[in-house]
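Right, one structure below, let's go through it.
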Amino acid sequence: MIRFFNTLSGSLEEFRPLKEGEVRLYTCGPTVYDYPHIGNYRAYIFEDLLKRFLLLAGFKVIHVMNITDVDDKTIKGAARQGLSLQEYTSRYIEAFFEDLKTLRIMPADIYPRATEHIPDMVRMVRGLLDKGCAYYKEGSVYFSIQKFPAYGRLAKIDLAELKAGARVDSDEYEKESVHDFALWKKAKEGEPFWETELGAGRPGWHIECSAMSTRYLGPSIDIHCGGIDNIFPHHENEIAQSEAYYGQKFVNYWLHCHHLVVDGEKMSKSKGNFYTLRDLLARGLNPVDLRFFLLSTHYRKMLNFTFDGLEQARASRQRVLDFVYELEHRTLAPGAEPEIQGLAEKVLTDFKESLADDLNISAALAVLFDFIREINSRLSRDLLKQEDAVRVLRTVEEIDRVLAILQERKEEALPPELLEKIELRQWARKEKNFALADAIREELRQQGIMLEDTKEGVRWKRIK
RNA sequence: GGCGCGGUACCCAAGCGGCUAAGGGAGAGGUCUGCAAAACCUCGAUUCGUCGGUUCGAGUCCGACCCGCGCCUCCA
């Protein structure tokens, strides 16, 4: 049984897709006004874990992720640099896709862009106006939350308490009630706009997700994800629009990822306390280590980013890599031990079951590490045969369909002059000229190559 | 003020009423090795923010309190 924590009910629920064996997944994507920071990627990596788990569990997954390429920030950014909106955003879109690849995040099936779905949004806004759930005010269209009694259910916000008080709304447009939100914003001097039946203007932020998710996934979908900060008002508003328009339940399971914090404070653009993936790559970080770091803490738990934490993740992942390396390079006796097959099967089952429990990654990783220790132990006692090693490797690779933290298959080639040095060192060792041998090893270490002497011969790996 | 999250070993982190409180990192000792590295073995919280309560039995449920954080405004 698969269980997820549904923000809507505030509790764990058994997961049942609308259509047997298929999952319709919508995840809130980036607003492409800048390079995303690694906090943003925590959310995308959580969604990647979810998706990969569902695939491993045998579901067909239809995944849509939007790209917000028109909003206040993109408009401002483009204007500042004297670029067209499209020129400005295309850079960041490209960078985003590059980052996804770097972090081994599986691509969505469709990446709809707001600017390419204006008609869908207009149609919805028109419909909401017709139903009396929206109104015009000085050329803009607003959703009237009074017309949607369930408003506040997701965020558990009481409308009465939302009244006037608290904070000042920074929106520059006029509306009837403070918490009504813009569906369509009237064109402003010097800003991009679309000439539509609603008048000249551009869409509000929330409507795009409603329009684009229903466009590709239908009016009701299985899972909708995002960061915890999207709950209110973004997702609350999406529910209001979509359900008011279609008259049926919009999303069955809302899954939200907690924040990445740095020094105990939320990482965010406005606070300036953020790192982009590029920042970290420039520091020599291995992106897959970052992936593992972001992946290995449960998605509903706040994660504190520190370089020490990153180092711990690196070391932890290295243990898995060393294990795989060992299995691939050890010379073993032919045949198979009887218990290995059962053990491998149990590991896979336990791994899946752990994840089935609201993506309990800690438990899942514990299964993997227990397995590694068990096999290593047999390895050191010469209790593993050739066929066992193959089976164990296959199991780890199966697990890695979800984790995606293993080394790339291709063997990296070392420059010939380095290979020559390794040869020379082998000769020196044979001659018992250990001073020379150690000097060469040290020299290679300086160049980021670590040598290990094993019964099977020398092997090298990159450090860092 | 309202809503919500977290406080488990030196660090990260599972556990959601009951076998000896997972797992990873770091550390200590040992085995192997020319030396390293990796791996293996052993050690490491009589204790789970504090104080009460419920229970035969509580990190695990209830209450109060302390500490840290998030949302209520664009934000993953």
Side-chain angles (χ1 to χ4, degrees), chain A residues 7 10 12 27-31 33 36-47 71-73 152 155-158 160-162 165-171 178-179 205 225-234 236 256-261 264-271 292-293 296-304 306 308-323 325-326 330 354 357 360-370 372-373 375-381 429 432-435 437-438 441-442 445 450-455 459-461 463:
Chain A
T7 306
L12 287 169
T27 59
C28 279
T31 300
Y33 70 103
H37 59 65
I38 56 173
N40 300 124
Y41 285 120
R42 182 192 188 192
Y44 304 141
I45 283 177
F46 140 65
E47 289 152 4
D71 81 316
D72 293 351
K73 285 175 186 164
K156 282 138 193 86
I157 280 175
D158 185 351
E161 312 242 337
L162 260 182
R167 306 198 202 178
V168 183
D169 195 299
S170 59
D171 203 312
V178 207
H179 296 284
W205 175 39
C225 300
I228 195 175
D229 50 1
N230 275 156
I231 295 174
F232 193 87
H234 186 50
E236 193 67 58
H256 291 100
C257 172
H258 213 306
H259 288 302
L260 182 68
V261 300
E265 286 211 326
K266 179 180 167 185
M267 180 179 288
S268 74
K269 285 284 167 61
S270 40
K271 286 187 181 168
F292 187 63
F293 172 76
S296 52
T297 293
H298 185 83
Y299 75 96
R300 281 194 290 116
K301 189 160 174 167
M302 187 189 297
L303 210 199
N304 194 19
T306 61
D308 182 52
L310 211 48
E311 165 55 23
Q312 291 189 20
R314 203 221 92 246
S316 184
R317 170 173 173 251
Q318 189 63 47
R319 182 168 161 81
V320 182
L321 299 186
D322 284 338
F323 175 67
Y325 189 97
E326 199 65 34
R330 225 13 197 248
S354 298
D357 181 21
N360 188 337
I361 188 70
S362 302
L365 289 175
V367 171
L368 173 62
F369 283 109
D370 280 338
I372 289 175
R373 191 169 5 79
I375 298 299
N376 266 333
S377 168
R378 286 167 187 262
L379 219 40
S380 71
R381 284 175 291 153
R429 292 182 66 218
K432 299 221 185 298
N433 184 348
F434 296 121
D438 289 349
R441 178 160 59 194
E442 183 50 34
R445 187 202 305 278
M450 161 92 94
L451 295 184
E452 295 180 359
D453 302 320
T454 71
K455 272 181 254 176
R459 66 193 195 192
W460 59 272
K461 60 188 176 195
I463 24 192

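Every value quoted in this text rests on a predicted model; they were computed, and no experiment measured them. Just so it is clear: chains get the letters A, B, ... in the order the sequence lines come, proteins before strands, and each one is counted from 1. Only heavy atoms go into these numbers, but all of them, side chains included; no hydrogens, no water, no symmetry mates.
The base of B/C12 does not come close enough to the side chain of A/Q312 for any donor and acceptor atom to sit less than 3.5 Å apart. In this model, a side-chain donor or acceptor of A/R441 finds a partner on the base of B/C35 within 3.5 Å. Side chain A/D438 to base B/G34: a donor-acceptor pair is found below 3.5 Å. Judged by distance alone, with hydrogens and angles left aside, A/D229 brings no side-chain donor or acceptor close enough to the base of B/C74 to form a pair under 3.5 Å.
The side chain of A/A363 approaches B/A14 more closely than any other nucleotide in the set B/A36, B/G24, B/A14. Closest to the side chain of A/A366, out of B/A22, B/G15, B/A37, is B/A22. The nucleotide whose nearest atom lies closest to any side-chain atom of A/I157 is, among B/G15, B/G23, B/C72, B/C72. For A/S316, taking side-chain heavy atoms from C-beta onward, the closest of the listed nucleotides B/G24, B/A26, B/G70 is B/G24. Here B/G70 is the nucleotide among B/G70, B/C40, B/G15 with the atom lying nearest to any side-chain atom of A/H259.
B/G53 and B/G30: their C1' atoms are spaced 49 Å apart (whole Å). When the C1' atom is used for both B/C72 and B/C56, the distance is 46 Å, rounded to whole Å. A distance of about 11 Å separates the C1' atoms of B/G6 and B/G49, rounded to the whole Å. Comparing B/G23 with B/C41, their P atoms are spaced 12 Å from each other, to the whole Å. Here, B/G7 and B/C48 have their C1' atoms 10 Å apart, quoted to the whole Å. Taking atom P in both B/C74 and B/G17, the straight-line distance is 39 Å, to the nearest Å. Separation of the P atoms belonging to B/C5 and B/C19 is 27 Å when rounded to the nearest angstrom. Distance check on atom P: B/C40 versus B/U54 gives 48 Å, rounded to whole Å.
Side-chain contact between A/H258 and A/R42 is present, with heavy atoms from C-beta onward closer than 4.5 Å. Between A/H179 and A/E236 the shortest side-chain heavy-atom distance does not fall below 4.5 Å. The closest side-chain heavy-atom distance from A/K266 to A/D229 is below 4.5 Å. Inter-residue side-chain proximity for A/D453 and A/R441 is flagged as met; some heavy-atom pair is nearer than 4.5 Å.
At a threshold of 4.0 angstrom between heavy atoms, the contacts of A/R429 include nucleobase atoms, whether or not backbone atoms are also involved. Across all strands, A/S362 comes closer than 4.0 Å to base atoms (heavy-atom distances). Using a 4.0 Å heavy-atom criterion, one finds that A/K266 contacts the bases of the nucleic acid, with or without backbone contacts as well. Among the protein residues, A/L368 comes within range of no part of the nucleic acid, since none of its heavy atoms lies under 4.0 Å from any strand. As judged by a 4.0 angstrom heavy-atom cut-off over every strand, A/Y44 is placed among residues touching the sugar-phosphate backbone only. Residue contacts shown for A/G226 are limited to sugar-phosphate atoms, with no base heavy atom under 4.0 Å away. Residue A/I361 is classed as having no contact, given no heavy-atom separation below 4.0 Å to the nucleic acid. The residue A/K301 sits close only to the backbone: its heavy atoms come under 4.0 Å of sugar-phosphate atoms, none of a base. Within 4.0 Å of A/P233, counting heavy atoms only, lie sugar-phosphate atoms of the nucleic acid but no base atom. Among the heavy atoms of the strands lying under 4.0 Å from A/H298 are primed sugar atoms or P, OP1, OP2 only; no base atom is included.
The two residues A/F369 and A/S316 come nearest to each other via the heavy atoms CZ-OG, 3.4 Å.
Distance, A/I228 CD1 to B/G4 C1': 7 Å, rounded to whole Å. Per the geometry, NZ belonging to A/K461 stands 17 Å off P belonging to B/A36, to the nearest Å. Rounded to whole Å, atom P of B/C12 lies 22 Å from atom OH of A/Y299. Whole-Å rounding puts the A/F292 CZ to B/C12 C1' distance at 11 Å. As a whole-Å value, the separation of A/N304 CG from B/A13 C1' is 13 Å. At whole-Å resolution of the value, CZ in A/F293 and P in B/G23 are 22 Å apart. Whole-Å rounding puts the A/M302 CE to B/A14 C1' distance at 18 Å. Atom P of nucleotide B/G68 and atom NE2 of A/H258 are separated by 16 Å, given to the nearest angstrom.
No salt bridge links A/D322 with A/R319; every basic N to acidic carboxylate O contact stays at or beyond 4.0 Å.
With hydrogens and angles disregarded, a donor-acceptor distance shorter than 3.5 Å links the side chain of A/N360 to the backbone of A/A363. Under the 3.5 Å distance criterion, the side-chain polar atoms of A/H37 are matched with a main-chain donor or acceptor of A/G39.
Both A/I38 and A/T454 lie near RNA chain B, and the one whose nearest nucleotide falls closer to the 5' end is A/T454. Each of A/F434 and A/D71 has a nearest nucleotide on RNA chain B; the 5'-most of these lies closest to A/F434.
Contact check, A/R319 against B/C40: a side-chain N or O comes under 4.0 Å of OP1 or OP2. Taking 4.0 angstrom as the limit, A/R381 places none of its side-chain polar atoms (N or O) nearer than this to OP1 or OP2 of B/C41. Between B/G23 and A/R373, a contact under 4.0 Å exists linking OP1 or OP2 to a side-chain N or O. OP1 or OP2 of B/C40 sits under 4.0 Å from a side-chain N or O of A/N376.
Base pairing of B/U20: no nucleotide in any strand meets the Watson-Crick or G-U wobble criterion (both distances under 3.5 Å). With a cut-off of 3.5 Å on both pairing distances, the Watson-Crick or G-U wobble partner of B/C69 is B/G4. Pairing of B/A13, defined by two Watson-Crick or G-U wobble distances under 3.5 Å, is not identified with any nucleotide. The nucleotide B/A39 finds its pairing partner in B/U31, both defining distances of the Watson-Crick or G-U wobble pair being shorter than 3.5 Å. Both distances falling under 3.5 Å, in either a Watson-Crick or a G-U wobble arrangement, occur for no nucleotide opposite B/A58. In this structure, B/C74 makes no Watson-Crick or G-U wobble pair, since no nucleotide meets both defining distances under 3.5 angstrom. The nucleotide B/U50 finds its pairing partner in B/A64, both defining distances of the Watson-Crick or G-U wobble pair being shorter than 3.5 Å.
Atom NE2 of A/H259 and atom NZ of A/K301 lie 16.0 Å apart (nearest 0.5 Å).
If you check the side chains of A/R381 and A/S377, you find a donor sitting under 3.5 Å from an acceptor.
Within 90° of 0 lies the glycosidic angle of B/G59, which makes this nucleotide syn.
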